[in-house]
Number of protein chains: 2
Amino acid sequence: MTDSSLFALLNEIGIIEQLARTRFERGQPDGLRLPQFTVLNHLVRLGDGRGPAQLARAFQVGKPTMTHTLQRLEERGFIRLDPDPADARGKRVMLTEAGRARRDAAVRWINDDLAPVATHLGMAPAAALPALAALREALDQARDSATPG
Amino acid sequence: MTDSSLFALLNEIGIIEQLARTRFERGQPDGLRLPQFTVLNHLVRLGDGRGPAQLARAFQVGKPTMTHTLQRLEERGFIRLDPDPADARGKRVMLTEAGRARRDAAVRWINDDLAPVATHLGMAPAAALPALAALREALDQARDSATPG
DNA sequence: TGCCTTAAGTTCAATATTGAACCATCTATC
DNA sequence: GATAGATGGTTCAATATTGAACTTAAGGCA
């Protein structure tokens with residue numbers, strides 16, 4: 001066996017991610033980057049009030065990277081960083097109205113941009129969604145147990 | 001409608017890509033990065049002899065980025081950069097035996113590492129593969145036509 | 001209380017990626 | 001042939017990401 005189908009799948013995923021990322025970033029008029037949008041989207045969908053460290057873990061990203069991304073979002077007025085009343089070390093990432101609006105606009109842009117592709121592909125993406133969700137969950141579970149190189 | 005299923009799919013893809021990338025890079029004993037592996041894999045699968053600019057286009061990456069990645073691969077002895085006899089400006093990226101061996105080892109590592117996940121998921125990934133290939137192709141076709149922000 | 005370990009967040013140095021600018025060479029058209 | 005425009009590849013400055021180290025504060029336990 002040369003390639004497992006899982007390897008082939010990850011291959012496709014890597015290419016698609018790269019295509020989608022550059023497409024998204026080139027399309028934003030204000031230079032909103034994909035990590036920034038991803039954080040906004042996360043806050044809208046899962047709620048705000050969590051701290052940077054928790055977000056960093058959720059996105060599998062270093063704490064300094066999250067600090068940086070949050071600074072950019074705060075500069076743009078899309079989030080507030082409130083002190084955590086329960087923990088003097090901690091901060092709470094709060095979505096602002098502008099942040100919610102910017103996220104919604106980005107989602108609209110994505111849907112508009114993808115509309116031709118979506119009609120061309122039909123229901124195939126919806127059919128593939130459960131498999132990918134299962135894969136994502138499995139990889140997420142397996143985070144700690146990696147094969148030694 | 002808030003999220004199209006295509007948007008949801010890209011969401012999953014982004015998370016999976018991030019998980020798979022860090023998992024791969026943490027697992028390599030010699031610090032081989034994912035872009036370096038991806039280029040090696042490309043050379044094995046599609047053949048060598050192409051130039052850096054062509055590779056940069058294939059990976060949707062800037063020419064300087066490809067120059068950098070190829071420099072790393074050449075330092076490691078995994079590729080050679082020969083002059084293009086047909087074009088004095090050009091170079092030809094040639095895979096070495098060490099490069100092929102390193103790629104094969106990485107593929108083996110991936111398959112080993114993914115084996116538990118693969119058995120857990122069963123045939124679902126294979127079933128999702130055609131849909132992703134179609135999506136990849138559609139995005140690739142649509143590269144030039146982006147929605148204005 | 002006092003001490004030790006752990007977690008939150010930032011700073012810092014090193015590396016990666018990008019867009020713009022640049023030189024050398026090829027190609028098309030006159 | 002000559003010249004204008006396009007292409008291959010690199011250098012450079014700016015920004016992003018990372019791991020290590022550091023500061024501050026919680027939490028556990030004697």
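In this text the structure is predicted, and so the values were computed from the model without any measurement. Lettering follows sequence order; numbering is per chain, from 1. Excluded from the calculations below are hydrogen atoms, water molecules and symmetry mates; all remaining heavy atoms, backbone and side chain alike, are included.
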Interatomic distance, CD@B/E17 vs CZ@B/R21, rounded to 0.5 Å, equals 4.5 Å

Does some side-chain heavy atom of B/F59 sit less than 4.5 Å from a side-chain heavy atom of A/Q18? no

Going by side chain to side chain donor-acceptor pair (under 3.5 Å), A/Q36 matches just one of A/R102, A/R72, A/R76, A/R103. Which one? A/R76

Report the distance from atom CZ of A/R89 to atom P of C/dA8, rounded to the nearest whole Å. 6 Å

How long is the straight-line distance from CG of B/L114 back to CG of B/L121, given to the nearest 0.5 Å? 9.0 Å

With B for base contact, S for sugar-phosphate-only contact and - for none (protein heavy atoms under 4.0 Å), nucleotides 10-19 of chain C reads BB----SSBB

Separation of D/dA25 P from A/D84 CG (nearest whole Å): 14 Å

So, for B/P85 and B/R92, which heavy atoms are closest and what is the spacing to 0.1 Å? CD-CD, 3.5 Å

Output the rounded distance in Å from CD (B/E74) to C1' (D/dT10). 14 Å

If the cut-off is 4.0 Å, is B/R57 near the phosphate of D/dG8, judged by side-chain N/O to OP1 or OP2? yes

Nearest-Å distance for atom pair CG/P, residues B/D87 and D/dG9: 8 Å

Is A/E97 atom CD crowded by more than 12 heavy atoms from other residues, nucleotides or ligands, each under 6.0 Å away? no

